[in-house]
Amino acid sequence: MAGNDVLSPERLEDALAVLPDWRYHNGALLTVYKVPTSAAALELIAAVGRLAEEQNHHPDLDWRYNRVFLRYTSHDAGGEVTARDVGAAEAVSEAAAAVHAVAEPAKHPAAA
């Protein structure tokens, strides 16, 4: 499958079933990670940056003290979710677990 193939609703539903940290909203995967300290937030941000460079797929990211807000969408696929977004979200979830982050996807402003 090409990296810019938009996921069908069924495939998106299957992907979300294995991405408990993430929600879908308006063509994007969203989450918020709460971490114990701002230093842990910076560790997570650095890990996300490394993953983004390795994957050549970069999220929208915002940081507020001990919370990191993330949004993945594939701009080259019309701003929709692709397999590339799912893979990136999976990798970020693993990095978040390593810094003891707690997912709070409902707290993403775009999901409200």
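- The salt bridge (Lys or Arg N to Asp or Glu O under 4.0 Å) contacts involving residues 23-40 comprise nothing, where partners must be two or more places apart or lie in separate chains.
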Exercise answer: donor-acceptor pairs, residues 87-100 side-chain atoms, under 3.5 Å, sequence neighbours excluded:
from : atom 1 : to  : atom 2 : distance (Å)
S93  : OG     : D21 : OD2    : 3.4
S93  : OG     : W22 : NE1    : 2.9
S93  : OG     : Y33 : OH     : 3.0
S93  : OG     : A89 : O      : 3.1

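- In terms of hydrophobic clustering, with Ile, Leu, Val, Met, Phe, Trp and Tyr side chains grouped at heavy-atom distances under 4.5 Å, V102 and L30 are assigned to different clusters.
- Without hydrogens or angle criteria, T73 side chain to G79 main chain gives a donor-acceptor distance under 3.5 Å.
- Under the 4.5 Å side-chain heavy-atom criterion for Ile, Leu, Val, Met, Phe, Trp and Tyr, V86 and L61 are members of the same hydrophobic cluster.
- Partners of D14 according to the salt bridge (Lys or Arg N to Asp or Glu O under 4.0 Å) rule, which considers only residues two or more places apart in sequence or in another chain, do not exist here.
- In this structure, W63 is a member of the same hydrophobic cluster as L70, with clusters built from ILVMFWY side-chain heavy atoms closer than 4.5 Å.
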Review item, side-chain donor-acceptor pairs of residues 103-112, under 3.5 Å, at least two apart:
from : atom 1 : to   : atom 2 : distance (Å)
E104 : OE1    : R67  : NE     : 2.9
E104 : OE1    : R67  : NH2    : 3.4
H108 : ND1    : A110 : N      : 3.1

Side-chain polar contacts of residues 35-54 - donor-acceptor pairs under 3.5 angstrom, sequence neighbours left out - could you list them?
from : atom 1 : to  : atom 2 : distance (Å)
T37  : OG1    : A39 : N      : 3.4
T37  : OG1    : A40 : N      : 3.0
E53  : OE2    : H58 : NE2    : 2.8

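- Using a distance-only test at 3.5 Å, with no hydrogens or angles considered, a donor-acceptor pair links the side chain of T82 to the main chain of R84.
- Under the rule for a side chain to side chain contact (heavy atoms under 4.5 Å, CB included), the partners of D62 that lie at least two apart in sequence or sit in another chain are R64, F69.
- From L29, atom CG reaches atom CG of D85 across 5.5 Å, with rounding to the nearest 0.5 Å.
- The distance from atom CG of L7 to atom OH of Y24, rounded to the nearest 0.5 Å, is 9.5 Å.
- Other residues, nucleotides and ligands place no more than 12 heavy atoms under 6.0 Å from the CD atom of E13.
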